[in-house]
There are 2 protein chains.
Amino acid sequence: MEKKTTIYDIAKKLGITGATVSRALNNNPKISKATKALVLKTAVEMNYEQNKLALALKSGKSFNVGVVVPRIDMIFFASIIRAIEDELAPHGYHIIICQTHDDEEKENKYLDTLLNAQVDGILISSSNKKTKPFNRVLLKNIPLVFFDRKQVMNGVSSVTIDDFDGAYKATKHLIMEGYTRIAHFSGNRDIDIYKNRFLGYKQALIDHDIKFSTNYVIQTPSNTVAGRQALKQLLKLKQAPDAIFSASDLAALGAIQELKQHSIKIPDEFAVVGFSNEPFTKFMEPSISTVDQSPLKMGEIAAQVFLQQVSNSSGKKVKKNIILPPELIIRKSSSKLSN
Amino acid sequence: MEKKTTIYDIAKKLGITGATVSRALNNNPKISKATKALVLKTAVEMNYEQNKLALALKSGKSFNVGVVVPRIDMIFFASIIRAIEDELAPHGYHIIICQTHDDEEKENKYLDTLLNAQVDGILISSSNKKTKPFNRVLLKNIPLVFFDRKQVMNGVSSVTIDDFDGAYKATKHLIMEGYTRIAHFSGNRDIDIYKNRFLGYKQALIDHDIKFSTNYVIQTPSNTVAGRQALKQLLKLKQAPDAIFSASDLAALGAIQELKQHSIKIPDEFAVVGFSNEPFTKFMEPSISTVDQSPLKMGEIAAQVFLQQVSNSSGKKVKKNIILPPELIIRKSSSKLSN
DNA sequence: TATATTTGAGTAATCGATTACAAAAGCTAA
DNA sequence: TTAGCTTTTGTAATCGATTACTCAAATATA
């Protein structure tokens with residue numbers, strides 16, 4: 001194994017000191033052209049490469065950023081991470097990925113190890129119910145940016161989408177298409193995003209003088225089986241709905257599968273709108289209307305907010321709470337016109 | 001901002017030296033129970049946390065591993081990374097993600113910066129045509145593991161799937177189902193995986209006495225539009241095919257869309273098998289037969305191979321070339337029986 | 001009690017780079 | 001030729017932790 005070349009190896013070879021070598025390599029003006037050229041040439045010859053670890057220790061900047069998500073093999077998070085990486089890489093930052101699997105304890109442990117690893121910032125979609133674990137991050141004055149799922153904290157930035165607005169738009173769209181008995185597949189409303197989608201749905205009904213009924217709201221895990229199950233349940237009602245706004249695309253798909261089985265025509269007799277713009281929604285037959293959360297935009301902006309915070313040398317904390325507008329994507333599953 | 005507590009802060013407070021504090025914190029036996037207890041208590045009081053950067057510089061181990069992929073928002077790579085992270089996290093390793101966007105130059109730059117960042121290993125699905133950039137990794141004796149796309153190099157491990165076998169199985173399945181004019185949507189055969197899928201397809205035909213024809217092989221980018229286009233082209237042939245084995249699920253989907261447009265019945269008149277087991281294949285109508293590449297298994301094993309290499313203190317290089325068997329997933333698009 | 005052996009803690013080097021300060025060398029001008 | 005600059009280089013501290021080596025104190029042994 002080749003031992004790594006250090007500045008001292010170069011220094012010894014040239015009979016000078018490490019300080020001079022360092023100056024030559026860093027465009028420090030306090031050095032003669034001749035020495036500089038010689039050092040540079042020798043550095044190349046000896047395959048010298050800077051040890052970023054030593055630099056990080058000295059400078060206090062590791063150029064590593066922790067990105068914490070529930071899991072990365074969900075396309076939504078993968079897209080966000082993609083955008084974060086694309087945005088930060090040109091600035092020399094590396095992305096360290098952590099998956100919490102929605103386990104609060106795991107998340108807290110990751111926060112600890114990221115801090116110990118001396119990351120320059122943490123971008124996180126938090127599974128945490130408490131803000132306490134984040135105090136340690138703030139105490140160390142490490143930029144912290146929430147995305148997707150946020151915590152409300154002093155001086156902490158966040159980038160989220162307006163779930164309320166997305167749900168409102170989706171529901172209003174169904175109303176405008178002429179559907180009147182609109183049900184809702186909700187996620188776990190202890191989680192903000194699902195609560196807001198529920199509230200947006202409810203408000204749209206109210207604003208358009210449609211009676212809101214709890215019978216029409218079913219808490220549905222995000223999978224097709226649960227969607228089918230929930231739809232069956234709705235069909236049993238005396239007054240069955242004629243449309244569903246689902247907080248999850250997979251549950252929406254389940255509903256569609258079940259509707260097909262019952263030979264209920266989509267969208268003529270029944271409309272479905274999902275949420276998330278999962279890749280499959282575009283390809284299905286019928287294609288599924290859904291709400292796009294623009295994960296790329298979210299990642300890009302989260303990264304930009306982080307960059308602003310680190311470049312903000314003034315020490316003042318920049319708090320930005322950016323709420324992205326979701327985009328309703330109307331496809332065949334809810335649009336009589338486009339059929 | 002709170003200044004981070006170092007072992008010297010603890011030492012000063014207790015009137016001892018940093019060495020003693022270090023020993024207390026590291027279960028070094030050369031320390032009295034009393035001092036140790038005192039240090040431990042004080043460390044907690046002062047919120048001491050080990051600076052891993054300093055440790056990494058001293059020990060030469062950063063506990064960071066670079067993972068390089070074309071892009072992470074492709075579910076295949078996202079799944080591999082998920083498995084790698086799940087496997088390595090319990091061993092204290094952090095994953096640094098790099099996206100090459102299939103740009104060779106970018107990939108080489110990433111290899112450089114990862115080495116400079118003193119990673120303990122590199123796991124990569126390479127876009128590189130040359131092996132030279134990897135010599136630097138080997139020279140530094142850093143474990144290198146290829147997955148999915150490999151380079152053939154001395155002493156370098158790889159985890160791939162048997163593309164030939166997957167293609168062979170898929171094609172054979174079509175033959176067994178009674179299709180006789182089987183076409184192939186191929187990717188760019190300069191890339192090994194596509195070459196091997198092509199060869200597996202061809203061999204299956206030959207082994208079952210079916211004439212191989214270059215007219216039936218179309219190079220098709222991985223998207224639906226290209227798939228539709230390619231299918232149109234095939235239908236124009238005097239002797240149109242009755243089945244397609246596509247090296248890409250998206251192209252397969254395009255073919256199916258086009259078949260539907262032509263009111264050609266699937267699978268009765270025409271069968272389609274894709275490759276990759278993209279999530280949407282399961283949900284489509286008809287569901288699409290495909291070849292699963294078990295990305296989770298691949299990531300898990302790649303991580304394990306890495307762990308073996310680092311734990312292998314002997315300095316001997318462990319070279320492992322693991323080829324995973326792909327799994328043919330038979331769904332409605334190619335199975336008359338299951339319909 | 002005197003010597004040998006443990007035990008516990010300090011000293012200082014090390015990992016690799018940067019940089020304030022000091023010092024030496026080169027140059028200018030009187 | 002020499003005081004006074006400027007330029008270039010060296011010295012040594014620093015970032016935070018670990019550890020071989022040394023030495024003093026405490027304990028054990030004769």
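Every heavy atom of this structure was used, including side-chain atoms; hydrogens, water molecules and symmetry mates were not. Naming convention: chains lettered A, B, ... in sequence-line order (proteins, then strands); numbering from 1 in each chain.
- Note: A/Phe306 and A/Tyr93 have perpendicular aromatic rings, judged against thresholds of 30 and 60 degrees for the angle between ring planes.
- Between A/Asp86 and A/Arg82, at least one side-chain nitrogen of the basic residue sits less than 4.0 Å from a carboxylate oxygen of the acidic one, meeting the salt-bridge criterion.
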Strictly under 4.0 angstrom, non-hydrogen atoms only: write out the protein contact profile of nucleotides 16-24 of chain C, one letter per nucleotide from the 5' end, B, S or -. BBBBB----
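- If you take CG of A/Asn27 and P of D/dT8, they are 14 Å apart, rounded to a whole angstrom.
- Straight-line distance from the CD1 atom of A/Ile31 to the C1' atom of D/dG10: 12 Å, rounded to whole Å.
- The shortest distance between the side-chain N/O atoms of B/Ser32 and the OP1/OP2 oxygens of C/dA9 is below 4.0 Å.
- Atoms CG (A/Asn116) and C1' (D/dC15) sit 16 Å apart, rounded to a whole Å.
- The residues B/Asp102 and B/Arg149 are annotated as salt-bridged, a charged nitrogen and a carboxylate oxygen being separated by less than 4.0 angstrom.
- For the atom pair CZ of B/Phe147 and CD1 of B/Ile322, the computed distance is 14.0 Å after rounding to the nearest 0.5 Å.
- Nucleic acid contact class of B/Ser59 (heavy atoms, under 4.0 Å, all strands): none.
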List the steps, then state whether side-chain contact (heavy atoms from CB on, under 4.5 Å) holds for A/Lys52 with A/Phe63. CA-CA 9 Å; A/Lys52 296 289 181 191; A/Phe63 277 98; over 6 Å; no
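- Salt-bridge formation is not detected for the pair B/Lys109/B/Glu105: no Lys NZ or Arg NE/NH1/NH2 atom is positioned less than 4.0 Å from an Asp or Glu carboxylate oxygen.
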